[in-house]
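One structure is given here, and the rest of the page talks about it.
The figures that follow rest on heavy atoms only: side chains count, while hydrogens, waters and symmetry mates do not.
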Amino acid sequence: MDAETQTLTGKERYKSGVLKYKQMGYWEPDYEPKDTDLIACFRITPQDGVDPVEAAAAVAGESSTATWTVVWTDRLTAAEKYRAKAYRVDPVPNSSDQYFAYIAYDLDLFEPGSIANLTASIIGNVFGFKPLKGLRLEDMRLPTAFVKTFQGPATGIVVERERLDKFGRPLLGATVKPKLGLSGRNYGRVVYEALKGGLDFTKDDENINSQPFMDWRERFLYCMEAVNKAQAATGEIKGTYLNVTAATMEDMYERAEFAAELGSNIVMIDLVIGWTAIQSMAKWARRNNMILHLHRAGHSTYTRQKNHGVSFRVIAKWARLAGVDHIHAGTVVGKLEGDPATTRGYYDVCRNEFTEKRLENGLFFDQPWASLNKMMPVASGGIHAGQMHQLIDLLGEDVVLQFGGGTIGHPMGIAAGATANRVALECMIMARNEGRDIVNEGPDILNEAAKSCTPLKQALDTWKDVTFNYASTDTPDYAVTATAA
Amino acid sequence: MRITQGTFSFLPDLSDAQITKQIQYCLDNGWAVNLEHTDDPHPRNTYWEMWGQPMFDIADAAGIMMELASCRKAFGDRYIRLSAFDSSSGWESVKLSFLVNRPKNEPGFRLRRQEGHGRNMRYTTEPYADAKPEGERYAV
């Protein structure tokens with residue numbers, strides 16, 4: 001190893017001035033991560049002429065103890081322990097200027113049970129660091145010792161199903177549309193029709209809070225009238241995600257308390273409220289036996305482009321630690337970004353007991369979940385009944401399928417739209433359980449069910465040609481390679 | 001009305017051949033099949049009466065269909081549901097649950113409203129059938 005890459009020690013290390021990060025102890029190619037270390041995999045794009053190893057060491061430094069110059073006060077600490085250590089740098093397949101840098105962090109760098117603290121380190125200053133053109137946090141390995149300091153999902157998939165008395169099939173939802181402008185009274189009408197028609201849930205959209213056209217109390221009161229009326233009309237548990245997102249924690253608690261007082265079984269928050277607020281609401285939800293739905297509003301500003309930002313799989317991991325029960329995780333076939341292999345990785349993060357490293361799904365590490373509850377992924381955005389076989393095949397049964405336009409836009413009305421979705425869902429689950437090949441026989445199965453269900457027939461006719469086939473921007477870098485048997 | 005609890009309530013009632021296939025799916029997954037019946041279909045009535053214990057040791061669907069036939073003979077005027085239980089770690093709960101018998105006439109539920117402070121409403125869902133004592137609710 002040349003002198004430039006060698007970690008300096010003793011007096012040489014602490015001479016005043018500027019050293020390369022890799023000389024300061026932030027590049028340790030022989031380091032073996034401990035079981036208790038947090039590990040981050042970053043995609044780094046160094047500026048022209050910047051050595052990728054130095055760039056990786058700089059990321060390790062700037063996301064842990066380093067500043068731009070040597071400081072003698074390091075010597076008052078067990079500095080070797082607190083320095084994050086870049087230990088591996090791989091070129092990104094099929095790219096000329098990007099590298100995957102693996103960096104290990106000692107557990108004691110982080111406050112137990114705080115996503116805010118974790119993120120302040122890992123995605124704090126470092127993303128603006130000049131020697132890099134771009135930086136993306138691709139994945140993290142969170143050790144069991146760290147995972148166990150978090151509450152995890154307030155309710156979890158199993159208990160949510162028990163509370164709702166719904167098993168063996170995806171749950172069905174719809175977002176009330178138009179998302180802005182309805183009065184409370186009109187809004188509740190949509191909720192009632194959709195729930196009575198066969199959906200399990202309806203949902204506020206991310207930006208419906210308390211605007212001039214509808215005070216939040218009006219929405220909550222009319223929605224709960226609709227939920228209870230639909231429950232009595234069907235004999236089945238129903239719910240509506242009441243969005244409690246607001247300007248302050250005090251406002252959010254007030255709205256959540258009111259929802260609980262009215263007997264709602266679920267409330268909703270937006271990702272934009274921030275991690276501390278999310279964790280507060282998760283604790284509130286656990287105390288109040290409430291399911292907590294998270295809408296990932298805003299995530300695409302930093303998750304979608306591969307050269308800079310944070311991968312959604314990391315956001316999903318943080319959300320599971322933080323303690324939400326539902327998270328929007330993509331549809332693959334719908335209108336929003338979602339490569340199938342990458343989306344599969346997100347769903348695994350939400351639902352697994354143990355997530356295995358699978359590079360072809362963007363999962364860079366084995367991830368233990370240490371008995372944290374499972375999080376229900378939500379598929380929402382541009383999906384319709386005619387895709388039911390694909391949705392079940394790709395997403396499985398522990399998922400909420402949300403058909404907003406695909407319910408409310410039905411030619412015979414909202415209740416008919418809901419019925420079409422429910423019949424499509426049930427016939428496809430029945431066929432799957434019977435061992436039929438739903439991917440290939442799906443359209444036949446739907447057409448057969450539509451013979452005794454006019455709403456389904458109308459839905460299939462209306463949306464039969466609707467697809468959203470665009471290239472995804474966020475795709476895995478590693479292909480599946482055949483291994484010799 | 002037609003209550004829509006269970007996985008397949010929006011489809012026409014399942015034939016015995018269709019039920020058999022679902023049971024086979026449950027057995028193939030290693031789940032224990034259980035039969036329960038009730039004449040109180042309130043959506044929050046969790047504990048229906050068990051038709052014996054969950055059938056942990058019955059390995060073929062035909063055996064379970066015989067139990068279903070006996071249960072229907074005794075309680076044909078009630079709701080009967082078939083559920084499948086997965087005891088594996090991390091789940092330890094129901095995996096599938098659907099109705100396999102309904103009373104001929106389903107009167108449904110009354111929604112009672114009690115108006116409270118600040119337009120707050122207390123809702124109570126009451127099965128019309130539960131005005132009568134257990135056992136007399138869906139007389140044939």
Side-chain angles (χ1 to χ4, degrees), chain A residues 156-159 161-169 196-198 217-218 220-222 224-225 227-238 258 261-263 351-354 369 371 373-374 397 418-427 429-436 449 452-453 456, chain B residues 1-12 14 17-26 28-29 31 41-46 79 81 83-86 88-99 106 108-113 116-128:
Chain A
I157 291 179
V158 176
V159 173
R161 286 192 174 283
E162 290 184 339
R163 274 191 207 162
L164 300 172
D165 189 35
K166 295 172 196 294
F167 304 96
R169 63 165 173 87
K196 181 187 67 170
R217 289 178 199 80
E218 285 300 294
F220 286 20
L221 286 163
Y222 280 112
M224 290 315 297
E225 167 73 16
V227 166
N228 282 285
K229 201 169 153 59
Q231 212 160 266
T234 60
E236 201 186 353
I237 305 288
K238 302 286 183 182
F258 191 55
E261 196 183 311
L262 295 176
R351 301 187 296 200
N352 283 354
E353 298 270 302
F354 180 92
W369 288 106
S371 301
N373 283 340
K374 300 175 182 71
E397 68 182 37
T419 303
N421 289 321
R422 181 77 174 264
V423 171
L425 176 73
E426 292 190 357
C427 77
I429 289 289
M430 177 139 88
R432 182 202 64 175
N433 295 359
E434 287 175 353
R436 292 180 68 181
S452 57
C453 177
L456 178 56
Chain B
M1 64 92 71
R2 176 182 170 86
I3 73 165
T4 53
Q5 296 173 22
T7 309
F8 304 120
S9 282
F10 271 74
L11 304 179
L14 275 63
Q18 287 174 310
I19 296 170
T20 305
K21 285 182 183 168
Q22 295 299 316
I23 294 172
Q24 196 56 52
Y25 169 76
C26 298
D28 292 347
N29 279 292
W31 304 333
H42 189 283
R44 294 287 182 198
N45 178 17
T46 304
Y79 293 95
R81 77 179 169 205
S83 59
F85 193 93
D86 177 6
S88 37
S89 169
W91 197 270
E92 294 160 286
S93 186
V94 177
K95 272 287 191 185
L96 183 66
S97 170
F98 59 98
L99 295 180
E106 299 181 85
F109 304 85
R110 174 191 294 119
L111 183 65
R112 290 205 185 276
R113 296 179 181 80
H117 175 78
R119 293 179 55 233
N120 196 337
M121 197 78 81
R122 292 268 151 218
Y123 296 97
T124 305
T125 303
E126 289 176 356
Y128 288 109

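With sequence neighbours excluded, the residues forming a side chain to side chain contact (heavy atoms under 4.5 Å, CB included) with A:N373 are A:P153, A:R286, listed by chain and number.
Using a 4.5 Å cut-off between heavy atoms, B:S93 touches chain A through backbone and side chain atoms alike. Heavy atoms closer than 4.5 Å to chain B are found in the side chain of A:Y222, but not in its backbone. Both the backbone and the side chain of A:K229 come within contact range of chain B, with heavy atoms under 4.5 Å apart. The contact between B:R122 and chain A is made entirely by side chain atoms (from C-beta outward), counting heavy-atom distances below 4.5 Å. Contact annotation for A:S371: neither backbone nor side-chain heavy atoms come within less than 4.5 Å of a heavy atom of chain B. At a 4.5 Å heavy-atom cutoff, the contact between A:E162 and chain B is made by side-chain atoms alone. Contacts of A:A233 with chain B are made by backbone atoms alone, with heavy-atom separations under 4.5 Å and no side-chain atom involved. Both the backbone and the side chain of A:E261 come within contact range of chain B, with heavy atoms under 4.5 Å apart. At a 4.5 Å heavy-atom cutoff, A:R217 makes no contact with chain B through either its backbone or its side chain.
Highest contact tally toward chain A, considering only B:V94, B:L111, B:T125, is held by B:V94 [criterion: heavy-atom pairs under 4.5 Å]. In terms of non-hydrogen atom pairs under 4.5 Å with chain A, the most contact-rich of B:P41, B:S89, B:G90, B:G116 is B:G90. Between chain B and the options A:C453, A:A232, A:G263, A:G156, the largest number of non-hydrogen pairs under 4.5 Å is found for A:A232. Your options are B:R113, B:M121, B:E126, B:Q18, and the one with the most heavy-atom pairs under 4.5 Å with chain A is B:R113.
Taking both residues in full, the closest heavy atoms of B:G118 and A:L221 are given as O-CD1, 4.4 Å, listed atom of the first, atom of the second, then distance. Heavy atoms only, all atoms of each residue included: A:M430 and B:Q22 are closest at O-NE2, 3.2 Å. Across all non-hydrogen atoms, the minimal contact from A:G235 to B:P43 is O-CB, 3.5 Å. Considering every non-hydrogen atom in both B:Y123 and A:N228, the closest pair reads CD1-ND2, 3.1 Å. Residue B:L96 comes nearest to A:N433 through the heavy atom pair CD2-ND2, 4.0 Å, listed as atom of the first residue, atom of the second, then distance.
Looking at heavy atoms from C-beta onward, A:R432 lies in side-chain contact with B:Y25 at the 4.5 angstrom threshold. The shortest side-chain heavy-atom distance between B:Q5 and A:K166 does not fall under the 4.5 Å cut-off. Looking at A:T234 and B:I3, their side chains never come closer than 4.5 Å, going by heavy atoms from C-beta outward. Contact check for B:R119 versus A:E218: side-chain heavy atoms found under the 4.5 Å cut-off.
Within the 3.5 Å criterion, the main-chain N or O of A:R163 finds a donor-acceptor partner in the side chain of B:R44. Here the side chain of B:T7 pairs a donor or acceptor atom with the backbone of A:F167 at under 3.5 angstrom. The backbone N or O of A:G435 lies less than 3.5 Å from no partner atom in the side chain of B:K21, so there is not a single donor-acceptor pair. Between the side chain of A:E426 and the backbone N or O of B:S9 there is at least one donor-acceptor pair closer than 3.5 Å.
In this structure, A:R169 fails the cation-pi test against B:F8, since its NZ or CZ atom is not both closer than 6.0 Å to the six-membered ring centre and inside 45 degrees of the ring normal.
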